[in-house]
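Working notes, beginning with the structure itself.
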Amino acid sequence: MHEFYPLIIVGAIISVFATGFILAYAFMKDKKEAIGFDRNMKDSEIIRRLLKYAKPYTKHFILVLVLMIFSIAHEIISPLILGNLINTVGGDAGFELSYLFSAIAIYAAILVTSLICTYAQSLILQRVGQRIVSSIREDLFDHIQSLSHDQLNKIPVGTLVTRVTNDTNAISITFTNIMVNLVKNCFIIIGVLTAMLMLNYMLTLMILCFVPFVVLFTFTFRKFSRRAHRKVKDGTTDINIFLSENLSGMKIIQIFNREERKQAAFEAKNQTLCRAKFGQVFVFGIFRPMVYMLYISSVLCLFYLGARGYINQVEFLGQIIDAGIIVSFYSFISKFFNPIQNLAEQFNRLQATFASSEKIYKIFDIVPEVVDEPDAIELDRIEGNIEFRNVWFYYVENEWVLKDVSFKVNAGDTVAFVGSTGSGKTTILSLICRNYDIQKGEILIDGINIRKIKISSLRRHFGQMLQDVFLFSGTVKSNITLGLDDVSDDEVMAACRYVNADKFIERLPDGLDEVVRERGNNFSAGQRQLISFARTIIHKPSVMILDEATANIDTETEVLIQDSLEKMMNIGTMLMVAHRLSTIQHADNIIVLSHGKIIEQGSHAELLRNKGNYYKLYTLQYNKQLLDKQR
């Protein structure tokens with residue numbers, strides 16, 4: 001019995017480590033809420049949803065599977081060839097050189113076949129993996145576009161950028177590397193185990209004694225690894241959000257001399273991510289050495305058993321062990337535990353993928369609030385008759401922005417909305433285009449409830465010109481056409497002339513092809529507004545919406561914009577919001593709002609005669625203009 005003491009000692013040492021892992025797992029399981037561990041989506045659910053994108057490429061994966069079987073043949077057969085060669089060289093029957101050449105030729109053929117198959121499967125997987133990730137990105141971007149304004153306002157832009165870029169990249173690694181290697185390593189383990197059982201089942205059983213500990217370590221590692229990866233992903237998202245916001249607002253930071261404060265805030269977030277990364281490395285740094293310890297322990301046990309009989313026909317539990325078996329098993333043990341160690345690394349990456357996938361599917365699982373009704377119709381054209389019937393609306397529950405609002409707009413009329421900040425002017429314009437859905441009442445376009453009209457069809461007939469004009473990176477022409485097909489330069493310039501934008505565009509070095517930098521920061525506010533007017537005209541809307549289009553514009557540009565507005569009033573129905581009452585004097589109807597209710601409406605002259613709230617606002621602005629001129 002004493003001859004097995006070394007084996008018992010090795011088992012005892014491993015058991016001590018195993019006990020430590022069990023206690024760590026038990027502590028984590030009891031305290032998971034305290035340490036921030038949250039499992040929101042099961043791995044099986046994530047895999048099921050990812051496989052939906054892989055399904056169209058089933059044939060490709062089957063081909064990869066076949067190639068994989070050939071590629072792992074070297075891992076399984078080479079130890080058998082080597083062991084057999086050792087026994088032949090050292091045997092009493094003699095040795096022929098031709099046998100050595102034959103063995104080398106077979107070994108080389110298997111190796112070359114394995115390399116070719118490995119290259120082919122990598123090529124196929126890279127192409128398929130990139131197509132899958134492109135599909136996920138496209139679906140995710142399409143889903144983000146379907147979200148309402150309210151939903152988009154609740155999600156930081158940095159978060160969405162991270163989901164579409166960083167997190168989809170993690171999924172790309174899954175299809176191009178992780179999944180195939182997981183399967184490959186599983187095949188190697190099964191193949192090596194089968195070969196060992198056929199060679200010497202008692203030694204194989206001795207090695208299998210270490211497998212329960214591998215399973216235990218892997219299961220424990222899985223829990224800690226998932227939490228560590230989630231923290232890394234959260235830290236990365238926080239930094240992306242911070243950078244997206246603060247780089248856009250860098251001018252404000254510099255103006256108010258807040259560089260040091262923002263630097264400190266960035267350092268805090270950076271250190272949080274750094275600690276999360278260290279935690280991730282620490283978890284992985286414990287697991288892999290544990291598996292390596294099991295590998296070394298199995299090798300020591302093998303050598304101990306072989307050395308007891310000087311590796312010469314020694315018996316172990318009734319089976320003979322010779323030099324060839326020892327050499328083959330030494331190679332097999334390496335090939336048995338190496339895949340397990342690789343599984344640890346791949347499992348580590350797989351947890352990163354699951355963490356990324358979970359965040360992506362949180363975006364996918366956001367149900368769009370503003371959607372087409374099942375019986376929604378297409379509108380080829382609209383006249384421009386608009387009616388609000390007892391409309392109630394809030395952004396925050398029970399904090400009503402509009403309260404029982406009713407009014408009519410006749411086709412071709414120009415209607416202006418006036419009131420203090422927060423009275424509901426801009427909200428009315430947003431509701432007409434179904435950027436938000438109302439809680440009570442009806443909004444009708446040409447007598448049809450807008451909920452019964454397809455959103456794309458409804459918005460196609462509206463042209464919105466906002467105070468804060470957004471220009472995309474590109475050219476002046478691309479910002480006016482926004483991807484419209486078959487629009488010539490002459491048509492674009494005709495639209496520009498109509499809104500008085502041609503004057504400054506013709507002075508640009510490249511005209512319509514002038515480069516527009518991010519957010520159009522190489523153009524003045526007035527120029528951006530004129531480009532937005534041209535953008536609206538080129539899309540030929542039936543109803544035009546202007547929200548503070550003349551705010552923050554210099555006097556010279558305001559004259560151009562005012563002239564443009566007078567021209568556009570003749571195109572169709574126009575709805576306007578303006579603080580400068582001088583710009584809406586020619587409106588057919590002026591609606592005055594206060595605290596979400598209509599308190600006055602009528603023409604400019606009628607409202608002045610009534611001497612109500614509008615009269616007070618107009619008098620106040622008129623007196624202010626007189627004072628400004630006197631100064």
Side-chain angles (χ1 to χ4, degrees), residues 379-391 393 402 404-419 423-435 438 441-450 453 457-467 498-499 532-533 536-537 539-550 561-594 596-610 612-615 617-618:
L379 288 182
D380 294 330
R381 61 186 297 273
I382 66 173
E383 296 295 331
N385 295 293
I386 302 171
E387 182 179 359
F388 272 50
R389 290 182 183 173
N390 309 111
V391 171
F393 175 77
L402 296 180
D404 199 25
V405 172
S406 298
F407 63 85
K408 290 184 179 181
V409 177
N410 296 321
D413 280 0
T414 297
V415 176
F417 297 90
V418 177
S423 59
K425 308 183 299 297
T426 300
T427 298
I428 287 176
L429 303 186
S430 294
L431 294 177
I432 293 173
C433 301
R434 276 199 81 188
N435 296 334
I438 60 177
E442 283 186 301
I443 301 175
L444 308 176
I445 301 291
D446 293 344
I448 304 172
N449 191 316
I450 61 172
I453 304 171
S457 176
L458 177 69
R459 292 174 181 170
R460 188 184 307 123
H461 298 290
F462 284 84
Q464 299 186 60
M465 292 159 280
L466 307 178
Q467 175 184 349
Y498 192 85
V499 298
S532 79
F533 284 5
T536 302
I537 295 299
H539 283 78
K540 300 176 182 178
S542 301
V543 178
M544 284 172 291
I545 294 175
L546 286 83
D547 188 1
E548 300 292 350
T550 58
I561 290 178
Q562 191 64 40
D563 182 63
S564 302
L565 291 177
E566 291 178 6
K567 292 179 182 178
M568 288 189 288
M569 286 179 185
N570 300 319
I571 295 177
T573 306
M574 179 176 285
L575 307 176
M576 304 172 61
V577 167
H579 279 121
R580 297 186 184 183
L581 301 184
S582 58
T583 63
I584 60 171
Q585 294 181 22
H586 301 293
D588 298 297
N589 189 24
I590 299 172
I591 297 176
V592 184
L593 294 161
S594 178
K597 294 183 177 181
I598 297 176
I599 57 175
E600 289 180 289
Q601 62 177 312
S603 67
H604 174 72
E606 290 172 347
L607 293 175
L608 288 182
R609 284 196 301 269
N610 292 339
N613 192 279
Y614 180 83
Y615 174 81
L617 289 173
Y618 183 80

* When you look at T536 and V499, which way does the side-chain contact (heavy atoms from CB on, under 4.5 Å) test go after all the steps? -> CA-CA 10 Å; T536 302; V499 298; over 6 Å; no

Output the distance between atom [atom1] ([X]) and atom [atom2] ([Y]), rounded to the nearest 0.5 Å.
| X | Y | atom1 | atom2 | result |
| --- | --- | --- | --- | --- |
| E387 | S406 | CD | OG | 7.5 Å |
| I584 | I590 | CD1 | CD1 | 4.5 Å |
| D547 | M576 | CG | CE | 10.5 Å |
| N410 | N385 | CG | CG | 6.0 Å |
| L575 | L546 | CG | CG | 9.0 Å |

Quick one: are [X] and [Y] in side-chain contact, heavy atoms under 4.5 Å?
| X | Y | value |
| --- | --- | --- |
| F407 | N589 | no |
| V543 | I432 | no |
| H461 | I453 | no |
| I545 | C433 | yes |
| Y614 | E606 | no |
| I443 | F393 | no |

Does the [X] side chain pair with the main chain of [Y], one donor and one acceptor, at a distance under 3.5 Å?
| X | Y | value |
| --- | --- | --- |
| K425 | L593 | no |
| E600 | L607 | no |
| D446 | I382 | no |
| D588 | T414 | yes |
| S542 | G384 | no |
| R434 | R459 | no |

* Contact summary for V405 and F388, nearest pair of heavy atoms ->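 Heavy-atom minimum between the residues: O-CB, 3.8 Å.
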
* To do: Take I386 and V415, measure what side-chain contact (heavy atoms from CB on, under 4.5 Å) needs, and give me the verdict at the end.
  => CA-CA 11 Å; I386 302 171; V415 176; over 6 Å; no

* Return yes when atom OH of Y615 has more than 12 non-hydrogen atoms of other residues, nucleotides or ligands closer than 6.0 Å, and no otherwise. =>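 No, because the 6.0 Å sphere around OH of Y615 holds 12 heavy atoms or fewer from other groups.
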
